[in-house]
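None of these values were measured; they are calculated from a predicted model. Each residue takes its place number in the sequence, starting with 1.
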Amino acid sequence: MRVLFIGGTGNISSAVSRLAIANGIELYHLNRGQRKVEIAGAKLIRADIHDPVAAANALEGMQWDCVVNWIAFKVGDVEADLNLFRGKTLQYIFISSASVYQKPPTHPIITESTPLCNPYWEYSRNKIACEERLMRAYREEAFPITIVRPSLTYDTVIPLAIGGWSDYTIVDRMKRGLPIVVHGDGSSLWTTTHSDDFAKGFVGLLGNQQATGHAFHITSDELLTWNQHYEAVAAAVGVKPNIVHIPSDAIADICDKLGQSWMRGGLLGDKTWSCIFDNTKIKAFVPGFKATISFAEGMRRTIGWYHADPARCKVTPEKDDLVAKILKAWQER
Ligand SMILES: NC(=O)c1ccc[n+]([C@@H]2O[C@H](COP(=O)([O-])OP(=O)(O)OC[C@H]3O[C@@H](n4cnc5c(N)ncnc54)[C@H](OP(=O)(O)O)[C@@H]3O)[C@@H](O)[C@H]2O)c1
């Protein structure tokens, strides 16, 4: 199979790329070549996907068994892809997000038929709009779409709700024994998936004829509370977290006043709610799919990746400062 990834060297797509190549797929990446991530065997087409003329020139005359866009966020992005790939691919996979599912949930078990509605988070509404545009293209012109909705998925990032993501800030804070913020009372249930596990489900969808027109989420079956998530990260560096619980809506209000209103979407539009993913569908379409990496094991790997190169252990003062300011505002309320 000849497959194109737009992106391909990211937090999720690197693991998927490695597994695809290991499975004998001829894999091309279209990206700007800025990330220093080596994927042995991937063929690079260097272009900026936001420059439609450059992208069209770089892809001139090429046909694909599957195209995956890892970095489409707005309707304009998928509209540009329709123009680029109509008649040129047997499958087009759009990377959506599990945050598209109904918030607040009327039922905690999430299947692919859970309604798509997120009044709290613009990012999710844009992903819904992309899905709807592509579904229309499937219905009206048989454009061969498949939709994949990752939930929180990690490899080289720290997947925590407040203070986490692509640097070492929250881990450094834990190591210094400083208080950290956990939303609510930390008891809501959440699923976090290692990219290597996600890859096993995802690669089974590449070139999978049955998947045309279908949407999937691909997650671990391990359910943990948010307290357990923070505890597992702290344990991976051999410390105990100093947790301060603050209600999600209070954090969102504080962050609005601090000019950080994105926090509202990420909490009330996503991580505040217990989400229990039913993975029956991906298991039916990709027999044998099973996530096997526990969060504790995955975090040991991720922390090991950071520690393997001190340059990766970056602390972002503004991020650390935001956690400190949320705590201060909560104490002074
Ligand atoms: N991680 C999660 O928890 C989660 C949850 C839900 C949904 N998602 C979805 O997953 C996707 C992100 O996947 P990921 O984490 O693997 O990606 P990522 O870490 O965001 O990686 C970005 C990739 O895109 C390339 N890129 C960035 N800007 C580009 C441009 N203008 N032109 C061409 N290439 C460009 C980068 O390479 P260069 O910089 O070298 O160009 C890199 O290969 C998003 O659609 C996100 O909404 C993620």
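Taking every heavy atom of both residues into account, Ile326 and Cys255 meet most closely at CD1-SG, 3.8 Å. Closest approach of Ile170 and Gly163 over heavy atoms only: CB-O, 3.2 Å. When all heavy atoms are compared, the tightest approach of Ala215 to Lys281 is O-NZ, 2.9 Å. Taking each heavy atom of Leu268 and Ala252 in turn, the nearest pair found is CD1-CB, 4.3 Å. In plain terms, the two heavy atoms of Thr169 and Thr316 that are nearest each other are OG1-N, 2.9 Å. Nearest approach of Pro241 to Ile180, heavy atoms of both residues: CB-CD1, 3.9 Å.
Judged as a ring pair (Phe, Tyr, Trp, His ring centres under 6.0 Å), and not counting sequence neighbours, the contacts of Tyr123 are Trp121. Residues satisfying the ring pair (Phe, Tyr, Trp, His ring centres under 6.0 Å) criterion with His29, sequence neighbours excluded, are absent altogether. In this structure Phe202 satisfies the ring pair (Phe, Tyr, Trp, His ring centres under 6.0 Å) test together with Trp70, Phe198, sequence neighbours excluded.
Interatomic distance, SG of Cys66 versus CG of Leu205, reported as 9.0 Å (0.5 Å rounding). Interatomic distance, His307 NE2 to Thr302 OG1, rounded to the nearest 0.5 Å: 11.0 Å. From Phe73, atom CZ reaches atom CD of Glu122 across 13.0 Å, with rounding to the nearest 0.5 Å. For the atom pair His194 NE2 and Lys200 NZ, the distance stands at 10.5 Å (nearest 0.5 Å). Between His229 atom NE2 and Met299 atom CE the span is 9.5 Å, to the nearest 0.5 Å. Taken to the nearest 0.5 Å, the NZ atom of Lys290 stands 14.5 Å off from the CD1 atom of Ile282.
In the hydrophobic clustering of ILVMFWY residues, with side-chain heavy atoms under 4.5 Å counting as a link, Leu90 and Leu4 come out apart. Residues Tyr120 and Trp262 fall into different hydrophobic clusters, defined by Ile, Leu, Val, Met, Phe, Trp and Tyr side chains chained together at heavy-atom separations under 4.5 Å. Under a hydrophobic-cluster definition in which Ile, Leu, Val, Met, Phe, Trp and Tyr are linked whenever side-chain heavy atoms come within less than 4.5 Å, directly or via other members, Ile71 and Val75 are assigned to different clusters. Residues Ile293 and Ile218 do not share a hydrophobic cluster, defined by chaining ILVMFWY side chains whose heavy atoms lie under 4.5 Å apart. No chain of hydrophobic side-chain contacts below 4.5 Å, direct or via other Ile, Leu, Val, Met, Phe, Trp or Tyr residues, connects Trp273 to Ile246.
For the residue pair His214 and Tyr138, no side-chain donor N or O sits within less than 3.5 Å of a side-chain acceptor on the partner. Side chains of Asn69 and Asp77: no donor on one and acceptor on the other come within 3.5 Å. Between the side chains of Asp278 and Thr111, no donor N or O sits under 3.5 Å from an acceptor N or O. Defined by atom type and a distance below 3.5 Å, a donor-acceptor pair is missing between the side-chain atoms of Thr114 and His107. Side-chain atoms of Trp226 and Gln228 include no donor-acceptor pair closer than 3.5 Å. Checked by atom type, the side-chain pair Asn227/Thr225 shows no donor-acceptor distance below 3.5 Å. Checking Thr272 against Ser248 by side-chain atom types alone, a donor-acceptor pair falls below 3.5 Å.
Side-chain atoms of Asp172 do not come within 3.5 Å of backbone N or O of Val315 as any donor-acceptor pair. At distances below 3.5 Å, at least one donor-acceptor pair connects side-chain atoms of His183 with backbone N or O atoms of Lys271. Looking only at distances, no side-chain donor or acceptor of Asp65 sits under 3.5 Å from a matching main-chain atom of Met1. No side-chain donor-acceptor contact under 3.5 Å links Asn118 to the backbone of Arg125. With Glu222 contributing its side chain and Phe295 its backbone, the two residues share a donor-acceptor pair below 3.5 Å. Here the side chain of Ser17 pairs a donor or acceptor atom with the backbone of Gly8 at under 3.5 angstrom. The backbone N or O of Ile162 sits nowhere less than 3.5 Å from a side-chain atom of Lys319 that would complete a donor-acceptor pair. Under the 3.5 Å distance criterion, the side-chain polar atoms of Ser14 are left unmatched by any main-chain donor or acceptor of Asn11. Remark: side-chain polar atoms of Thr153 are not paired, donor with acceptor, to backbone N or O of Pro150 under 3.5 angstrom. In this structure a side-chain-to-backbone donor-acceptor pair under 3.5 Å is missing from Asn23 to Ile25.
Comment: Lys325 engages Asp321 in a salt bridge, judged by a side-chain N to carboxylate O separation of less than 4.0 angstrom. A salt bridge links Glu332 to Lys328: one of the charged nitrogens lies within less than 4.0 Å of a carboxylate oxygen. Taking the charged nitrogens against the carboxylate oxygens, Arg300 and Glu297 do have a contact shorter than 4.0 Å, which makes a salt bridge. Salt-bridge check for Arg18 with Asp196: failed, with every basic side-chain N at 4.0 Å or more from each acidic carboxylate O.
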Exercise for review: Quick one: do Lys283 and Asp221 satisfy salt bridge (Lys or Arg N to Asp or Glu O under 4.0 Å)? Show the steps, please.
Suggested key: CA-CA 12 Å; Lys283 288 174 184 169; Asp221 289 323; 2.6 Å; yes
**Study point:** ring pair (Phe, Tyr, Trp, His ring centres under 6.0 Å) between Phe289 and Phe216, worked out
**Key:** CA-CA 13 Å; Phe289 166 67; Phe216 302 86; over 10 Å; no
**Study point:** salt bridge (Lys or Arg N to Asp or Glu O under 4.0 Å) evaluation trace for Asp155 with Arg301
**Key:** CA-CA 8 Å; Asp155 182 1; Arg301 290 192 199 180; over 6 Å; no
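A heavy-atom distance below 4.5 Å is not found between the side chains of Leu152 and Thr191. Side-chain contact between Ser195 and Tyr154 is absent, with no heavy-atom pair separated by less than 4.5 Å. Counting heavy atoms from C-beta outward, Ile158 and Val233 have side chains that approach closer than 4.5 Å. Proximity of Val171 to Tyr168: side-chain heavy atoms (C-beta onward) are separated by under 4.5 Å at one or more points. Between Ile145 and Ile93 the shortest side-chain heavy-atom distance does not fall below 4.5 Å. The shortest side-chain heavy-atom distance between Ile6 and Asn31 does not fall under the 4.5 Å cut-off. Arg312 is not listed as a side-chain neighbour of Thr156, based on a closest heavy-atom distance of 4.5 Å or more. You'll find the side chain of Val182 stays beyond 4.5 Å of the side chain of Leu160, heavy atoms only.
Annotation: His217 is in aromatic contact with Tyr101 [ring centroid separation under 6.0 Å]. If you look at Tyr28 and Phe5, their ring centroids are not closer than 6.0 Å.
Within the structure, every pair that satisfies the side-chain hydrogen bond (donor to acceptor under 3.5 Å, both in side chains) test and touches residues 38-64, not counting sequence neighbours, is listed here: Glu26-Lys43. The stretch residues 82-100 participates, sequence neighbours left out, in these side-chain hydrogen bond (donor to acceptor under 3.5 Å, both in side chains) pairs: Asp81-Tyr92, Asn83-Arg86, Arg86-Glu141, Gln91-Thr146, Ser96-Glu131, Ser97-Ser99, Ser99-Ser124.
Under the 4.5 angstrom side-chain criterion for Ile, Leu, Val, Met, Phe, Trp and Tyr, the cluster partners of Leu223 are Ile109, Leu189, Ile276.
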